[in-house]
Amino acid sequence: MKLPLLPISALLVSNFALAQTTLEGNYILTTDNLQNGVIESGTSQEITIIGDKVHFMSQTASQFLSGNTSIMGNVIDFKLSDKTPSNTQYFLGNVDVQGNYSGTWFAENGTKGDWTLSALQSDAATSCKDILDAGLSQGDGVYDITTASGEALSVYCDMTRDGGGWTLVGSYPASETGGIYRIEQYGSIPETDPNNVTKLWLYKGELSVFSDVKEQVSCSTLDCGDGYNVYGTNFTSRELELVRYNWGAKDRVELMPKNSDKPSCTTSLEPGATVYEGCVGTAYIGGNVADTTVGWQGDVLASHCWVATGTYKPGSKGSAICSRGSLPNGTQWALLWMR
């Protein structure tokens, strides 16, 4: 028989979370009685683990679990004992690319089989798209989400434009000078008003819950109606990380030495939209990235069009005006969205 699927709200913790030193939390342990490397039928139970990867345990009225991991948490070894009648199962396995553990088990009474151990988060959305897909959207505004590492966060959600479900993950206010060199320089308090940006902010957590990205620069009106937008769709977590690193002038140079190393973009979400390699104008694609600008897009739609000026005129405030010969003058802001 097939095992029942977990509710969408019971989201598996990402590999990022499992990479931490602790294993504390709620898990689903699934076992079957046929040792062939596949869970074909079996039973599932929820367990609560305490402790770290050196030694962890779990206890219920009828069972006791104890174990440890090795090789940077990639290999796991634990035993599960029934208190009455006495019987112990021995489990050995490793972690997969999704961050779940699995392997084989055997018991003192001669039974054996396969098993999986999947961490659970509490019932909570991890992005604005989760909220939209669940039919819980109340329009654009501030919503509560839970990050992949379990942190509660109040973020702004755009539920109406470009298909909706966009989480605001970065903001560059008009009052901020352009010399931002590392993404660590951004604050940790989310911007919750994209039309009155006052916070220099960038979400620095795990990006595995997202797959699309949108960057808006040179914004000065409602909904950034006068700004310049670029998009990336079906991005891997690594590509999303590179887009985020573009918001640090020196991070850009170190991680993407050439313009062609940056993730590509389009200027719309329409099918067949032109793809701009490196999210930069064709005249610059063969060149090296310089730390004179901040932001993912570089002169894709207009001259001198970036989030901020980096080491070039680092005292200039706000986002670019996107006009040749005109430096940022403290009137424009920039935004970064993901879904």
S.K.: Test of understanding: with side-chain hydrogen bond (donor to acceptor under 3.5 Å, both in side chains), list the residues that count as partners of Gln185, not counting sequence neighbours.
M.R.: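 By the side-chain hydrogen bond (donor to acceptor under 3.5 Å, both in side chains) rule, Gln185 matches no residue at all.
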S.K.: With no hydrogens and no angle check, do the side chains of Ser268 and Glu270 hold a donor and an acceptor under 3.5 Å apart?
M.R.: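 Result is no, nothing qualifies.
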S.K.: So, taking the atom named OG in Ser218 and the one named CD in Gln297, what distance separates them when rounded to the nearest 0.5 Å?
M.R.: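 Result: 9.5 Å between the selected atoms.
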S.K.: Working note: Lys129 + Val209, criterion side chain to side chain contact (heavy atoms under 4.5 Å, CB included); need CA distance, chi angles, decisive distance, verdict.
M.R.: CA-CA 9 Å; Lys129 190 174 187 302; Val209 300; over 6 Å; no
S.K.: If hydrophobic clusters are built from ILVMFWY residues whose side chains come within less than 4.5 Å, do Met256 and Val300 share one?
M.R.: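 Yes; Val300 is reachable from Met256 via cluster members.
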S.K.: Using the side-chain contact (heavy atoms from CB on, under 4.5 Å) definition, which of the options Thr48, Ile47, Ile49 pairs with Asn26?
M.R.: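 Only match with Asn26 under side-chain contact (heavy atoms from CB on, under 4.5 Å): Thr48.
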S.K.: Just checking Glu184: does its CD atom have more than 12 heavy atoms from other residues, nucleotides or ligands closer to it than 6.0 angstrom?
M.R.: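 Check passes, neighbour count above 12.
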S.K.: Quick one: which residue pairs count as a ring-ring contact (aromatic ring centres under 6.0 Å, His included) with a foot in residues 254-312, not counting sequence neighbours?
M.R.: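 Output for this query lists His304-Trp306.
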S.K.: Got a salt bridge between Glu239 and Arg244, using NZ or NE/NH1/NH2 to carboxylate O under 4.0 Å?
M.R.: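 So Glu239 does not pair with Arg244 through a salt bridge.
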S.K.: Between Thr126 and Asp130, does any side-chain donor sit less than 3.5 Å from a side-chain acceptor?
M.R.: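 Yes, Asp130 and Thr126 have a side-chain donor paired with an acceptor closer than 3.5 Å.
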S.K.: Between the side chains of Lys258 and Asp261, is the shortest nitrogen-to-carboxylate-oxygen separation below 4.0 Å, so that they form an ion pair?
M.R.: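 Judged by the 4.0 Å cut-off on N to carboxylate O distance, Asp261 and Lys258 do not form a salt bridge.
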S.K.: Among the clusters formed by ILVMFWY side chains lying less than 4.5 Å apart, do Tyr172 and Leu242 turn up in the same one?
M.R.: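 Yes, Tyr172 and Leu242 fall within the same hydrophobic cluster.
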S.K.: Do the numbers put Lys214 on top of the ring of Trp166, so that NZ or CZ is under 6.0 Å from the six-membered ring centre and no more than 45° off the axis?
M.R.: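 Flagged: Lys214 positioned over aromatic ring of Trp166.
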S.K.: Which atoms form the tightest heavy-atom contact between Leu136 and Tyr143, and what is the distance?
M.R.: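 Here Leu136 and Tyr143 meet closest at O-CE2, 4.2 Å.
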S.K.: Are Tyr245 and Val280 linked, directly or through intermediate hydrophobic residues, by side-chain heavy-atom contacts shorter than 4.5 Å (ILVMFWY only)?
M.R.: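 In one cluster with Val280: Tyr245, no.
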S.K.: Looking at residues at least two apart in the chain, or sitting in another chain, which of them share a ring-ring contact (aromatic ring centres under 6.0 Å, His included) with Trp115?
M.R.: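 Result, ring-ring contact (aromatic ring centres under 6.0 Å, His included) vs Trp115: Phe78, Phe91.
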S.K.: Could you see if Leu327 belongs to whatever hydrophobic cluster contains Val294? Use Ile, Leu, Val, Met, Phe, Trp, Tyr and a side-chain cutoff under 4.5 Å.
M.R.: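 Looking at the clustering, Val294 is in a separate group from Leu327.
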S.K.: Within this structure, what is the CZ-CG distance for the pair Arg182 and Asp251, rounded to the nearest 0.5 Å?
M.R.: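 CG of Asp251 is found 5.0 Å from CZ of Arg182.
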S.K.: Please name all residues satisfying side-chain hydrogen bond (donor to acceptor under 3.5 Å, both in side chains) with Asn329, sequence neighbours left out, ordered by chain then number.
M.R.: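 Counting only residues at least two positions away or on another chain, Asn329 forms a side-chain hydrogen bond (donor to acceptor under 3.5 Å, both in side chains) with Thr331.
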S.K.: Please evaluate residues Val289 and Asn246 with respect to the criterion side chain to side chain contact (heavy atoms under 4.5 Å, CB included), reporting the C-alpha separation (whole Å), side-chain torsions for both, the decisive distance (0.1 Å), and the verdict.
M.R.: CA-CA 10 Å; Val289 168; Asn246 273 282; over 6 Å; no
S.K.: Between Glu215 and Trp247, do the side chains contain an N or O donor and an N or O acceptor separated by less than 3.5 Å?
M.R.: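 Yes, Trp247 and Glu215 have a side-chain donor paired with an acceptor closer than 3.5 Å.
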S.K.: Would you kindly confirm whether Ile50 and Tyr27 end up in one hydrophobic cluster when ILVMFWY residues are joined by side chain heavy atoms under 4.5 Å apart?
M.R.: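 The answer is no; the residues belong to distinct hydrophobic clusters.
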S.K.: Looking just at side-chain N and O atoms, do Thr116 and Ser102 make a donor-acceptor pair shorter than 3.5 Å?
M.R.: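 Checked: Thr116/Ser102 side chains show no N/O donor-acceptor pair below 3.5 Å.
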S.K.: So how far is it from Tyr156 OH to Thr192 OG1, rounded to the nearest 0.5 Å?
M.R.: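 OG1 of Thr192 is found 9.5 Å from OH of Tyr156.
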S.K.: Can you confirm whether the side chains of Gln59 and Lys83 place a donor and an acceptor under 3.5 Å from each other?
M.R.: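 A pair is found: one side chain offers a donor N or O, the other an acceptor, under 3.5 Å apart.
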S.K.: Sub-3.5 Å donor-acceptor pair from the side chain of Asp193 to the main-chain atoms of Asn195, do we have one?
M.R.: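 Yes.
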S.K.: Start with the C-alpha distance between Ser237 and Ser208, add both sets of side-chain angles, then the distance that settles side chain to side chain contact (heavy atoms under 4.5 Å, CB included), and finish with yes or no.
M.R.: CA-CA 5 Å; Ser237 294; Ser208 61; 3.8 Å; yes
S.K.: Output the distance between atom CG (Asp32) and atom CG (Asp114), rounded to the nearest 0.5 Å.
M.R.: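 Output value for this atom pair is 5.0 Å.
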S.K.: Can a side-chain donor-acceptor contact be found between Asp226 and Ser220 if the only test is distance below 3.5 angstrom?
M.R.: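 Side chains of Ser220 and Asp226: pair found under 3.5 Å.
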S.K.: Apply ring-ring contact (aromatic ring centres under 6.0 Å, His included) to Phe64 and list each qualifying residue two or more places apart in sequence or on a separate chain.
M.R.: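 Scan of Phe64 (ring-ring contact (aromatic ring centres under 6.0 Å, His included), adjacent residues dropped) gives none.
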S.K.: Give me the atom names and distance for the closest heavy-atom approach of Cys224 to Val217.
M.R.: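 Minimum heavy-atom separation between Cys224 and Val217: SG-O, 4.2 Å.
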S.K.: For the pair Arg161 and Asp140, find out whether any cationic side-chain nitrogen is under 4.0 Å from an anionic carboxylate oxygen.
M.R.: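 Result for this pair is yes, salt bridge flagged.
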S.K.: When you measure from the centre of the six-membered ring of Tyr90, is the NZ or CZ of Lys79 under 6.0 Å away and within 45° of the axis?
M.R.: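 The answer is no; the distance or angle limit is not met.
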S.K.: Taking it one step at a time, do Val253 and Asp291 satisfy side chain to side chain contact (heavy atoms under 4.5 Å, CB included)?
M.R.: CA-CA 6 Å; Val253 175; Asp291 62 7; 3.7 Å; yes
S.K.: Has the side chain of Thr146 got a donor or acceptor atom that lies under 3.5 Å from a matching backbone atom of Glu151?
M.R.: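 A pair under 3.5 Å: no.
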S.K.: Just jot down the side-chain hydrogen bond (donor to acceptor under 3.5 Å, both in side chains) partners of Thr293, sequence neighbours excluded, or say none.
M.R.: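 Testing Thr293 for side-chain hydrogen bond (donor to acceptor under 3.5 Å, both in side chains), a comparison that skips the adjacent residues, returns Arg252.
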S.K.: For residues Ile28 and Ser44, report the shortest heavy-atom separation together with the two atoms involved.
M.R.: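 Nearest heavy atoms, Ile28 then Ser44: CG2-CB, 4.0 Å.
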S.K.: So, the side chain of Glu191 versus the backbone of Leu168: is there a donor-acceptor pair under 3.5 Å, distance only?
M.R.: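 Checked: no pair found.
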S.K.: Spell out, as yes or no, whether a donor-acceptor pair under 3.5 Å connects the side chain of Ser137 to the backbone of Gly139.
M.R.: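 Yes, Ser137 side chain to Gly139 backbone: donor-acceptor pair under 3.5 Å.
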S.K.: Could you grab the distance from atom CZ of Phe106 to atom OG1 of Thr111, nearest 0.5 Å is fine?
M.R.: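 Between atom CZ of Phe106 and atom OG1 of Thr111 there are 10.5 Å.
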S.K.: Rounded to the nearest 0.5 Å, what separation is found between the CG atom of Asn94 and the OG1 atom of Thr69?
M.R.: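 Here the rounded value is 12.0 Å.
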S.K.: What's the shortest heavy-atom distance between Ala320 and Cys305, and which atoms?
M.R.: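 Smallest heavy-atom distance, with atoms named: CB-CA, 4.2 Å.
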S.K.: Quick one: do the Glu108 and Gln89 side chains pair a donor with an acceptor below 3.5 Å?
M.R.: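 Side chains of Glu108 and Gln89: no pair found under 3.5 Å.
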S.K.: What are the two closest heavy atoms between Lys199 and Ser171, and how far apart are they?
M.R.: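 Smallest heavy-atom distance, with atoms named: O-OG, 2.6 Å.
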S.K.: Which residue is it: Val75, Asp96, Asn74, Leu117? I am looking for the one with a side-chain contact (heavy atoms from CB on, under 4.5 Å) to Tyr101.
M.R.: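 In the set Val75, Asp96, Asn74, Leu117, the residue that makes a side-chain contact (heavy atoms from CB on, under 4.5 Å) with Tyr101 is Leu117.
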S.K.: I need the minimum non-hydrogen distance between Gln63 and Leu80, along with the two atoms involved.
M.R.: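 Heavy-atom minimum between the residues: NE2-CD2, 3.7 Å.
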